[in-house]
Amino acid sequence: MTTKPIVTRFAPSPTGALHVGGARTALFAWAYARQHKGRFILRIEDTDQKRSSPESTKGILRDMQWLGLRWDEGPNHAADDPYANQLGANGPYFQSQRLDIYTKHINQLIEAGLAYEDDGAIRFRMDKDVTFCDEVFGEMKIAAADLEDFVIRKADGFPTFHMAVVIDDALMGVTHVIRGQEHLNNTSKHVALLDALGFERPTYVHLSSILNPDGSKMSKRDKAKVARKAAKDAKLTSVGFDDDAFAAFLDKKNDEMKFALAIAEQLNLDLPEINVADFRDSGYIPAALLNYLALLGWNPGDDIEQFDLDFLIQQFGFDRIGKSNSKFDRAKLLSFNSDAISKLDTGTFSMLLGQQLVAHHPEYTDLVNDPPRFAMFCLAYQPRAHTLDEVADMGRFFIIHNSEVQYNADDKQVKKNLLKNNCEGLRTLADFATELEQLTPFSGEDAHNLIKRYCEEREMNMGKVAQPLRIAISGTVVTPDIALTLDIMGKKDTLLRIMRCLDAFSAQMEVTAE
Ligand code: GLU
């Protein structure tokens with residue numbers, strides 16, 4: 001006896017970027033197919049000619065690849081030419097290339113008297129009660145009185161979503177339809193069509209929605225919302241183009257992304273990530289994102305939260321999928337991401353960080369291309385990074401010119417560590433600098449030992465030297481481990497920054513010297 005292979009599919013409409021909700025659907029469909037050594041199909045539902053675009057298709061393919069969700073059948077894996085060499089015998093995998101297949105089945109329904117023409121469109125007769133079972137939502141019964149005949153072919157000759165999805169799932173041998181809850185209500189139409197055409201029904205698994213913590217739907221409008229608020233707080237009245245439309249944006253009359261992006265750029269603002277590509281650009285690691293997404297609506301039990309894809313493939317099942325909506329908890333995702341980053345081997349981390357910096361912060365290119373120094377930089381930040389992108393901000397003081405370090409006499413840490421008690425910290429820094437100057441050869445470790453010895457001799461706490469030194473180097477007390485920091489800075493720039501810092505506060509020193 002042969003059992004039917006498990007076939008799942010992810011069927012995005014290429015009308016925009018791959019959003020985290022879509023990624024979770026794809027993940028579950030992929031994991032289920034992998035668990036059963038079945039096939040995972042990627043099918044592009046591009047029958048809505050006006051809203052679909054090849055750019056969206058390419059973006060979706062690229063994001064799926066980045067996530068590591070490889071499909072066995074579907075468009076070519078190379079995102080730059082998805083239409084070539086489609087993979088698998090059940091293709092083509094673009095609905096826009098399957099029109100004659102749909103026409104054939106639509107004609108069959110017309111001939112059988114199950115569908116009829118109405119104003120140029122073709123409608124399917126819904127005159128029977130429908131019952132179907134969903135793995136998550138249970139048995140659904142819809143009385144014929146509550147059902148209406150519906151369009152299966154539009155007047156323009158294109159099939160509707162309902163017709164295309166049903167034919168494709170049947171012909172491609174899909175055994176499990178895993179998709180978002182927004183399609184639960186469509187399913188009565190789908191099973192009625194399947195029954196009429198004599199196809200077997202697949203198993204249906206509808207996934208509840210992913211919401212923002214305030215219960216609103218997660219959508220690209222969240223970016224507009226955050227940008228609008230920031231623009232209002234900053235009293236921004238123009239972004240340099242389309243002033244009228246921008247005024248309308250501020251007035252909530254439109255949510256245009258170009259304004260959200262322009263505001264973010266001008267105010268140096270981070271917009272909330274919604275799409276997979278947003279998370280990638282912010283420096284999330286696919287493993288952490290997938291791990292977090294898997295927990296939205298599913299859990300492996302036993303309070304286990306952090307796991308890898310092999311674990312998910314082994315443990316995944318429909319019985320632990322919940323009906324209630326899940327809230328997207330950014331703080332939790334961030335902590336998953338920092339754990340995932342800290343667990344990467346150093347080579348992988350430095351490769352990923354290097355790519356991130358060069359792509360999004362080209363001012364780091366020289367540092368990335370200086371392997372010994374970049375290796376120390378990676379050592380310094382791997383344990384502290386929540387995202388790859390955050391490192392660009394945290395480590396910026398290493399790559400700026402010495403003259404760009406800002407020293408601020410009103411800063412709490414500056415007051416405490418440099419200015420307090422007649423500029424005690426500054427005086428210590430000046431004195432320590434004379435010893436540091438003598439240190440040859442110079443290394444972070446030797447400098448660290450020097451600090452230790454210097455402080456022991458004077459019976460002071462090491463912070464009395466290390467904190468002023470951190471401020472001299474970075475303008476703040478937030479730097480990595482002091483030995484590594486000094487290694488990355490090098491002797492010459494460390495001493496130059498100490499001089500600049502002493503200079504910056506010379507007025508305060510003079511006053512206290514009187
Ligand atoms: N193309 C549909 C969508 O993007 C998916 C339909 C399905 O999974 O059955 O929502």
Side-chain angles (χ1 to χ4, degrees), residues 6-33 39-61 63-64 69 71 73-75 82 90 92-99 102 132-137 140 150-152 154 158-194 197 199-210 217-220 274-276 297 318 321:
I6 299 292
V7 180
T8 65
R9 74 343 182 243
F10 177 53
S13 304
T15 55
L18 180 65
H19 156 287
V20 284
R24 182 201 48 181
T25 301
L27 173 65
F28 287 178
W30 174 87
Y32 195 70
R39 293 197 320 275
F40 172 58
I41 299 178
L42 178 62
R43 181 174 74 227
I44 304 296
E45 303 208 323
D46 57 350
T47 50
D48 185 340
Q49 295 285 81
K50 277 196 219 83
R51 295 177 59 229
S52 302
S53 74
E55 289 66 41
S56 298
T57 297
K58 288 179 188 176
I60 292 168
L61 302 193
D63 295 344
M64 291 281 288
L69 301 178
W71 52 97
E73 293 184 39
N90 295 311
Y93 296 91
F94 291 85
Q95 287 188 331
S96 58
Q97 299 176 1
R98 301 172 62 81
L99 298 182
Y102 309 129
F132 68 91
C133 188
D134 182 86
E135 289 293 309
V136 176
F137 290 89
M140 314 290 286
F150 61 93
V151 175
I152 53 176
K154 295 173 271 184
F158 275 79
T160 56
F161 156 68
H162 305 301
M163 189 68 203
V165 82
V166 156
I167 298 297
D168 289 348
D169 285 339
L171 297 186
M172 294 178 183
V174 170
T175 57
H176 293 75
V177 168
I178 301 172
R179 62 185 175 189
Q181 192 187 343
E182 65 275 17
H183 292 295
L184 186 62
N185 282 333
N186 293 329
T187 307
S188 50
K189 297 187 174 76
H190 299 177
V191 297
L193 274 175
L194 286 166
L197 289 160
F199 288 124
E200 211 176 306
R201 295 182 182 187
T203 299
Y204 288 100
V205 186
H206 285 91
L207 307 172
S208 58
S209 304
I210 302 176
K217 205 168 162 256
M218 258 184 105
S219 78
K220 60 183 177 192
I274 305 290
N275 300 324
V276 169
F318 306 139
I321 296 182

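Since this is a predicted model, take the numbers as computed values, not measurements. Counting starts at 1 for both ligands and their atoms, in listed order.
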Which residue holds the protein heavy atom closest to atom 5 (C) of ligand 1, what is that atom called, and what is the gap in Å?
Ala11 O, 3.2 Å

Are the ring centres of His176 and Phe28 closer than 6.0 Å?
no

So is His190 in contact with ligand 1, going by heavy-atom distances below 4.0 Å?
no

Sidechain N-carboxylate O distance under 4.0 Å for Arg9, Asp168
no

Would you indicate whether the side-chain heavy atoms of Val276 and His19 approach each other to under 4.5 Å?
no

Tell me which one of Arg9, His183, Gln95 gets a heavy atom nearest to atom 8 (O) of ligand 1.
Arg9

Within 4.0 Å of some non-hydrogen atom of Val165, the atoms of ligand 1 are 9 (O)

Using ring pair (Phe, Tyr, Trp, His ring centres under 6.0 Å) as the criterion, point out the one residue from Phe199, Phe150, Phe161, Tyr204 that pairs with His190.
Phe161

Ligand 1 to Arg179, heavy atom cutoff 4.0 Å, flagged ligand atoms 7 (C), 8 (O), 9 (O)

Could you tell me the residue and atom name of the protein heavy atom closest to atom 1 (N) of ligand 1, and the distance to it rounded to 0.1 Å?
Glu45 OE1, 2.5 Å

Give a yes/no on ligand 1: does Phe161 have at least one heavy atom closer than 4.0 angstrom to it?
yes

What residue and atom, counting heavy atoms only, is the protein's closest point to atom 4 (O) of ligand 1, and at what distance?
Ser13 OG, 3.2 Å

Evaluate the side-chain proximity of Thr203 to Phe132: yes if any heavy-atom separation is below 4.5 Å, no if none is.
no

Taking the side chain as everything from C-beta on, heavy atoms only, tell me whether Ile274 gets closer than 4.5 Å to Val20.
no

Going by heavy atoms in the side chains, are Tyr32 and Thr175 under 4.5 Å from each other?
no

Between Glu182 and ligand 1, does any nitrogen or oxygen pair lie at a separation below 3.5 Å?
no

Val177: heavy atom below 4.0 Å from ligand 1, yes or no?
no

